[in-house]
Amino acid sequence: MKKIIKFELAAIALVVMFSCKEAKKEATDAASEVEAVTEEVIEEVMAERITFMMEPKSDSYVKGEVTFTDDDGTVTMSAMLTGLTPGEHAIHIHQTADCSSDDGKSTGGHWNPTNEPHGKWEAAEGYHKGDIGNFTADAKGNATVPFSTDQWCIGCDDENKNIVGKAVIVHQGVDDFTSQPSGAAGARVSCTGIIQ
Ligand SMILES: [Cu+2]
Ligand SMILES: [Zn+2]
């Protein structure tokens, strides 16, 4: 909001500066330019963005930050994690935003509002809305996980899309995309609730 006020002040300042008659047209042009920039900033602020801290579970050291941004119907997730063992791990959205148990099982199973089998994201045989998949941690145990989809939303009325009230879980193991109901990905090593 600070930015918007600053732009409005700039607009007023510009109008005052160019108030003599010859400069009037110039002032109008400058003012409308400032107005356009202000509108752009407002749009940026309106884009829904929520960030959560992931906490270690199952005696792990895995923590980090996950951000969800809803930009015109496309939700982008960006997770930055540390404390992993190097190599591949699974990451899912589970059904309940409750990380209270030490093993992360308080989050329940995979978020699956459409009642499909567990699988690889967008597989023809079906997949859960929480089946994000696997990512790779580097030799230091760090990872960045990018993911984007128009099948999620942040706080909309469509319960088949709404990720609010669910949880993000990182696993010690790898999702095999075939074992039911959750890909046999092993212990839940990091957790956060998605709350608005
Ligand atoms: Cu999982
Ligand atoms: Zn699943």
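As a basis for the values below, the full set of heavy atoms in this structure was taken, side chains included, without hydrogen atoms, waters or symmetry mates.
- Counting heavy atoms of neighbouring residues, nucleotides and ligands inside a 6.0 Å radius, atom CG of D158 exceeds 12 of them.
- Judged purely by distance below 3.5 Å, without hydrogens or angles, the side chains of D103 and S101 pair a donor atom with an acceptor atom.
- By the 4.5 Å heavy-atom criterion applied to side chains, W111 and W152 are counted as neighbours.
- In plain terms, the two heavy atoms of T136 and A143 that are nearest each other are O-CB, 3.7 Å.
- Residues F177 and W121 keep their aromatic ring centres 6.0 Å or farther apart.
- We find the NE2-SG distance between H94 and C191 to be 8.5 Å, quoted to the nearest 0.5 Å.
- Aromatic pair H92/H128: ring centres not closer than 6.0 Å.
- N160 and K129 get closest at one heavy-atom pair: O-NZ, 3.1 Å.
- At least one donor-acceptor pair under 3.5 Å links the side chain of H171 to the backbone N or O of G186.
- Nearest heavy-atom pair, R188 versus S58, reported as atom, atom and distance to 0.1 Å: O-OG, 2.7 Å.
- Considering every non-hydrogen atom in both D98 and S100, the closest pair reads OD1-OG, 2.6 Å.
- Between the NZ atom of K166 and the OG1 atom of T96 there is a distance of 8.5 Å, given to the nearest 0.5 Å.
- Using a 4.5 Å heavy-atom cutoff, the side chains of V66 and L81 are not in contact.
- Closest non-hydrogen pair, P146 versus T144, comes out as CD-O, 3.6 Å.
- I154 and I132 fall within a single hydrophobic cluster, where Ile, Leu, Val, Met, Phe, Trp and Tyr are joined by side-chain heavy atoms under 4.5 Å apart, directly or via other members.
- Applying the side chain to side chain contact (heavy atoms under 4.5 Å, CB included) criterion to I195, with sequence neighbours excluded, gives F52, A97.
- With no hydrogens or angles considered, a side-chain donor-acceptor pair links D175 and H118 at under 3.5 Å.
- A donor-acceptor pair under 3.5 Å links the side-chain atoms of N162 to the main chain of G155, judged by distance alone.
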**Asked** Could you go step by step and tell me if E122 and K120 meet the salt bridge (charged side-chain N to carboxylate O under 4.0 Å, His left out) rule?
**Response** CA-CA 6 Å; E122 290 190 324; K120 196 169 183 170; over 6 Å; no
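- Note: D131 CG to I91 CD1 = 12.0 Å, rounded to the nearest 0.5 Å.
- Although no hydrogens or angles enter the test, the distance criterion places no donor-acceptor pair under 3.5 Å between the side chain of N142 and the main chain of T82.
- Within the 4.5 Å cutoff, the side chain of L84 has heavy atoms near those of the F135 side chain.
- The nearest pair of heavy atoms linking P86 to A139 is CG-O, 3.4 Å.
- The local environment of NZ in K161 is crowded, with over 12 non-hydrogen atoms from other residues, nucleotides or ligands closer than 6.0 Å.
- Residue I163 holds its CD1 atom at 10.0 Å from OG1 of T149, rounded to the nearest 0.5 Å.
- Neither side chain, S190 nor E55, offers a donor N or O lying under 3.5 Å from an acceptor on the other.
- Proximity of V62 to M54: side-chain heavy atoms (C-beta onward) are nowhere separated by under 4.5 Å.
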**Step-by-step side-chain hydrogen bond (donor to acceptor under 3.5 Å, both in side chains) determination, T69 to T76** = CA-CA 5 Å; T69 310; T76 299; over 6 Å; no
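- Within the 4.5 Å cutoff, side-chain heavy atoms of Y127 are placed close to those of Q151.
- Taking CD1 of I169 as the start and OG1 of T192 as the end, the distance is 9.5 Å to the nearest 0.5 Å.
- The shortest side-chain heavy-atom distance between I50 and I194 falls under the 4.5 Å cut-off.
- Side chains of P117 and Q180 form a contact here, defined as non-hydrogen atoms less than 4.5 Å apart.
- Remark: the backbone N or O of V75 is not paired with any side-chain donor or acceptor of D71 at under 3.5 angstrom.
- Between the side chain of H89 and the backbone N or O of G173 there is no donor-acceptor pair closer than 3.5 Å.
- Side-chain contact between T74 and S148 is present, with at least one heavy-atom pair separated by less than 4.5 Å.
- Atom OG1 of T107 is separated from atom CD1 of I93 by 11.5 Å, given to the nearest 0.5 angstrom.
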